[in-house]
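These numbers come from a predicted model, not from an experiment. Each chain gets a letter, A, B and so on, in the order its sequence line appears, and its residues count up from 1.
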There are 2 protein chains.
Amino acid sequence: MAAKTDDSGPVLPAAIESAWGLRERPPKGPRPGMSVPAIVDAAVRVADADGLAAVSMSRVAKELGAATMALYRYVGSKDELLMLMVDTGYGPSPGPPAPEDDWRAGLTRWAWAEHEVLRQRSWLLHVPISGPPITPQQLGWMEDGLRCLDGTTLGEGEKMSVLLLITGYVRNEATLTSQIAEGSRAAGVEPSEMMPAYGRLVARLIDPARFPALHRVLNAGVLYQDDDPDDEFVFGLDRILDGVEALIRRRAG
Amino acid sequence: MAAKTDDSGPVLPAAIESAWGLRERPPKGPRPGMSVPAIVDAAVRVADADGLAAVSMSRVAKELGAATMALYRYVGSKDELLMLMVDTGYGPSPGPPAPEDDWRAGLTRWAWAEHEVLRQRSWLLHVPISGPPITPQQLGWMEDGLRCLDGTTLGEGEKMSVLLLITGYVRNEATLTSQIAEGSRAAGVEPSEMMPAYGRLVARLIDPARFPALHRVLNAGVLYQDDDPDDEFVFGLDRILDGVEALIRRRAG
DNA sequence: TAGTTCTGCGTATGGTCTACGCATAACAGC
DNA sequence: GCTGTTATGCGTAGACCATACGCAGAACTA
């Protein structure tokens, strides 16, 4: 119906376009000595080893034996590099759900896959995400999530909302867990001692008259025990999936 | 039972201790020309006006007509200042739930209160939170949330998990919303045009054979319409609360 | 009045990202 | 083969940033 208006969209950063396989190299000029994937891999290596804070342009360049400014021939800015790091950091999506899985089993597997990635690469949580997903792998994750809901009665918009809900939960849970780990490393405390220490600290600070409910939680010893983070994770995930199940039943019934 | 081991906890930053009203000023030396609250207020003012990225020690000092290094007599580091900014940025908690509210109404109000704060001060989302809450106001929010669940059959640990679940959801939703707003400002696009532009972009990038489910979502026009962010918010919140309700019924029955 | 202790803050160090420009390498066309 | 064009590699330099350190002087105690 409409005329071609394909250039109307927001301008995609150059490196992202080449991640989608668009944009070929012009035949002139000296052959490039590096490649965008090599740079991104090096940056991911640095982040894996020393955290996201260690990822500076000069550090990445050193990793490659190149000069700092050489990188700017390949990526437009550090933010662009970060975007690409997220793409390869997540890696390929877990794949579509198994045929015998219902939506709940599929989404559970989907959530665990992201959980696992974030457990292993907690620096992904520190990357300031600056917009909706546009890189190939990220949309791949989305696709796989959507397929889990294929057989359900939900509307397309509702499917999207459910995925947003779950991925947000996974990220949030991973953030809390990694904060405890990082905090314990910074304070030189055993990770298993972190929550108990926090409980004692809060107990020292609060006035039971002003914070009765919190005081009750402390008395129950909730904060003192170092419970399995995985239990915490499945608790929240099951709550959310229960909520989704209620919606699906309502739509179906 | 146990002997006094109150010094065993992790060392609290000096400025946080004085936020709790501990630690009094030594009587010697010249009278301080500033105060921690004044510094934090100035920093919050800068963040409100120009975003968190604009908050540098020199900028805050300029705001106060003071020298940069003068601030370090009051806060130990920039991270400490950020921690205090979060405390006053959130402001006082919404207060305990009204007596006539059931848990669901109470938590809904609680979630909306945080939602509102984050809508108004989106820079709070950019502060790298570095541990569990320890400032007075933050524990105040926690207290109010816990009180909403007072009459329920949930265990103390479960109450805590539910609050974590909700606050995580609120933060996540606010993050997405503010990203759209910031992205549209950066790209010079009308905020209402942001999602449609994103939809067109994704449509241009993906191969329908490789991304069938995503393609179906696009065809349904889900991404093109600029729907009310509040609708999206209540959708997810209702899903979560449905899940909590299912748990409460199970515990009760 | 002397001593102590704390404040304000100037200076300096080492880190960040990146704009700009130059020398050079590789190709296209004649 | 020569020349013009275009891309690359990268050195220099600028504009920021947090903050360690040390000194002058103010305000209190004795």
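The shortest side-chain heavy-atom distance between A:I180 and A:T177 does not fall under the 4.5 Å cut-off. Contact of the A:M83 side chain with the A:I129 side chain is not registered, since no non-hydrogen atoms from C-beta on lie closer than 4.5 Å. Side-chain contact between B:P94 and B:W141 is present, with at least one heavy-atom pair separated by less than 4.5 Å.
The listed nucleotides are C:dG8, C:dA26, D:dC17; the one nearest the side chain of B:K78 is D:dC17. When distances run from any side-chain atom of B:R31 to the nucleotides C:dT7, D:dT19, D:dC28, the shortest one goes to D:dC28.
Across the protein-nucleic acid pair, A:E80 atom CD and C:dT18 atom P stand 10 Å apart, rounded to whole Å. Here C:dC9 presents its C1' atom at 11 Å from OH of B:Y74, a figure rounded to the nearest Å. A straight line from CZ of B:R73 to C1' of C:dT5 spans 11 Å, rounded to a whole angstrom. Computed from coordinates, the A:L82 CG to C:dT16 P distance equals 14 Å when rounded to whole Å.
Using bins of under 30°, 30° to 60° and over 60° for the plane-to-plane angle, the ring pair A:F233/A:Y169 lands in the parallel bin.
Other residues, nucleotides and ligands contribute at most 12 non-hydrogen atoms within 6.0 Å of the CD atom of A:E190.
If you find the closest nucleotide of DNA chain C to B:M34 and to A:D79, the one lying nearer the 5' end belongs to B:M34.
Aromatic pair B:H126/B:W123: centroids not less than 6.0 angstrom apart.
Sorted by residue number, the members of residues 50-72 of chain B with any non-hydrogen atom under 4.0 Å from DNA chain D read B:S56, B:M57, B:S58, B:T68, B:M69, B:Y72.
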